[in-house]
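This structure is a prediction, so every number in the text was calculated from the model and none was measured. Proteins come first, then strands; the chains are lettered A, B, ... in the order of their sequence lines, and each starts at number 1.
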Amino acid sequence: MLSGKKTVEALDRMEVMYPDARGELDYETPFQYLIAVILSAQATDVSVNKATPVLFKAYPTAEKLAAAPLESVMEKIKTIGLYRTKAKNIIKASQMLIDDFEGEVPKTIKEMMKLPGVGQKTANVVAGDLFGVPAIAVDTHLDRVSKRLRICKQSATVTEVEAALMKKIPKERWIQAHHTMILFGRYHCTARKPKCPDCPLLDLCAEGQQIMKKKIDLTK
DNA sequence: ATCCCGAGGG
DNA sequence: CCCTCTGGAT
């Protein structure tokens with residue numbers, strides 16, 4: 001298992017690679033950010049950014065989206081995928097914002113998770129980015145990167161990955177670490193063809209060294 | 001554990 | 001063709 005000290009060292013090097021990492025979803029209001037993050041589940045932010053301008057032009061506020069016809073919303077977000085579930089979720093979530101949260105995005109992770117389509121990961125992202133609530137949202141990239149670096153064990157659940165990261169990374173760095181690790185995972189430590197030969201973290205990475213060995217063995 | 005689910009990359 | 005994408009609900 002990678003120590004806390006080496007985990008921070010790994011994070012430092014990732015921040016050199018991605019100095020100004022931040023979310024890449026487009027939005028204009030807190031409400032729109034919440035919706036965009038809900039829509040980004042199992043989808044690329046590129047595909048979300050392609051659909052949301054049309055959606056937010058028609059339904060820019062919780063009031064508008066809460067009253068929107070299901071068919072119309074489905075059609076506008078169809079290209080994102082998982083569109084039936086997501087259309088229902090964002091309409092219902094908008095209705096709940098009006099009915100239960102005075103039309104505002106709730107300020108706590110616990111309250112946000114009452115909204116349909118909002119789980120631990122989405123709530124962490126939104127609370128962190130909108131309200132500065134210290135949190136580390138573990139998505140597919142953080143999960144993969146953490147396991148390859150052995151920051152946590154291979155079998156760790158999302159909650160366990162989150163706990164390991166929170167333990168090993170200073171609290172004031174949690175939110176930035178999330179964005180940095182996303183970009184590192186998205187563009188460098190990719191799921192399929194990770195750029196291990198060109199990785200500044202290779203000496204810290206158990207998986208990377210294993211992958212490199214296999215390549216050498218294959219060429220042999 | 002399984003379903004949802006289109007777009008893009010390899 | 002197959003895999004992956006800032007997951008969540010059942």
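Contact annotation: side chain of A:Arg84 to base of B:dC4, donor-acceptor pair absent below 3.5 Å.
Regarding A:Asn49, its CG atom lies at a distance of 13 Å from the P atom of B:dG8, rounded to whole Å. Atom CE of A:Met74 and atom C1' of B:dG6 are 14 Å apart (whole Å). The nearest whole Å value for the distance from the CE atom in A:Met113 to the P atom in C:dG7 is 15 Å. Atom-to-atom, CG of A:Leu34 to C1' of C:dT6 comes out at 14 Å; the value is rounded to the nearest Å. Rounding to whole angstrom units, OH of residue A:Tyr18 and C1' of C:dT6 are separated by 15 Å. Between A:Lys92 atom NZ and C:dG8 atom C1' the separation is 17 Å, expressed in whole Å. Here B:dG8 presents its P atom at 17 Å from CD of A:Gln42, a figure rounded to the nearest Å. Rounded to an integer number of Å, the gap from A:Asp139 CG to C:dT4 P is 14 Å.
Residues A:Pro116 and A:Ala43 both approach DNA chain C. Their nearest nucleotides, taken by heavy-atom distance, put A:Ala43 toward the 5′ side. Remark on DNA chain B: of its neighbouring residues A:Leu82 and A:Lys193, the 5'-side contact belongs to A:Leu82, judged by nearest-heavy-atom nucleotide. When each of A:Thr85 and A:Val46 is assigned the nucleotide of DNA chain B with its nearest heavy atom, A:Thr85 is the one assigned upstream, toward the 5' end. Comparing A:Ser40 and A:Gly117 against DNA chain C, the residue whose closest nucleotide sits nearer the 5' end is A:Ser40.
Distances shorter than 4.0 Å separate some side-chain N or O of A:Lys50 from OP1 or OP2 on B:dG8. For the OP1/OP2 pair of C:dT6 and a distance below 4.0 Å, the side-chain nitrogens and oxygens of A:His179 include no atom meeting the criterion. For C:dT6, the OP1/OP2 oxygens have a side-chain nitrogen or oxygen of A:Arg186 closer than 4.0 Å. Taking side-chain N and O atoms only, A:Arg144 has a distance below 4.0 Å to OP1 or OP2 of C:dC5. Phosphate contact (OP1/OP2 of B:dA7, side-chain N/O of A:Ser47, threshold under 4.0 Å): absent. Within the 4.0 Å cut-off from OP1 or OP2 of C:dG8, at least one side-chain nitrogen or oxygen of A:Thr122 is found.
Distances from the side chain of A:Thr79 to the nucleotides C:dT6, B:dA7, C:dT4 place B:dA7 closest. With C:dT4, C:dG7, C:dT6 as the candidates, the nucleotide lying closest to the side chain of A:Ile182 is C:dT6. Considering only side-chain atoms of A:Arg192, the nucleotide from C:dC5, C:dC3, C:dG7 that sits closest is C:dC3.
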Assess whether side-chain contact (heavy atoms from CB on, under 4.5 Å) is satisfied between A:Met14 and A:His188, documenting all intermediate values. CA-CA 10 Å; A:Met14 286 186 238; A:His188 198 91; over 6 Å; no
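The line from CE of A:Met112 to CG of A:Leu130 is 6.5 Å long, rounded to the nearest 0.5 Å. Residue A:Glu15 holds its CD atom at 10.0 Å from CG of A:Asp20, rounded to the nearest 0.5 Å. Considering CE of A:Met212 and SG of A:Cys196, their distance stands at 7.0 Å, rounded to 0.5 Å. Distance check, rounded to the nearest 0.5 Å: CG of A:Leu149 to CD of A:Glu9 gives 11.5 Å.
Residue A:Gly185 is out of contact with every strand shown, counting any heavy-atom pair closer than 4.0 Å. Base contact: A:Glu24 has a heavy atom under 4.0 Å from a base atom. Within 4.0 Å of A:Lys78, counting heavy atoms only, lie sugar-phosphate atoms of the nucleic acid but no base atom. Within the nucleic acid shown, A:Leu115 comes within 4.0 Å of sugar-phosphate atoms alone, with no base atom in reach, counting heavy atoms only. Among the heavy atoms of the strands lying under 4.0 Å from A:Gly119 are primed sugar atoms or P, OP1, OP2 only; no base atom is included.
Residue A:Glu172 places its CD atom among more than 12 non-hydrogen atoms of other residues, nucleotides or ligands, all under 6.0 Å distant. Within 6.0 Å of NZ in A:Lys147 there are more than 12 heavy atoms belonging to other residues, nucleotides or ligands.
One P atom belongs to B:dG10, the other to C:dT6, and the distance between them is 14 Å to the nearest Å.
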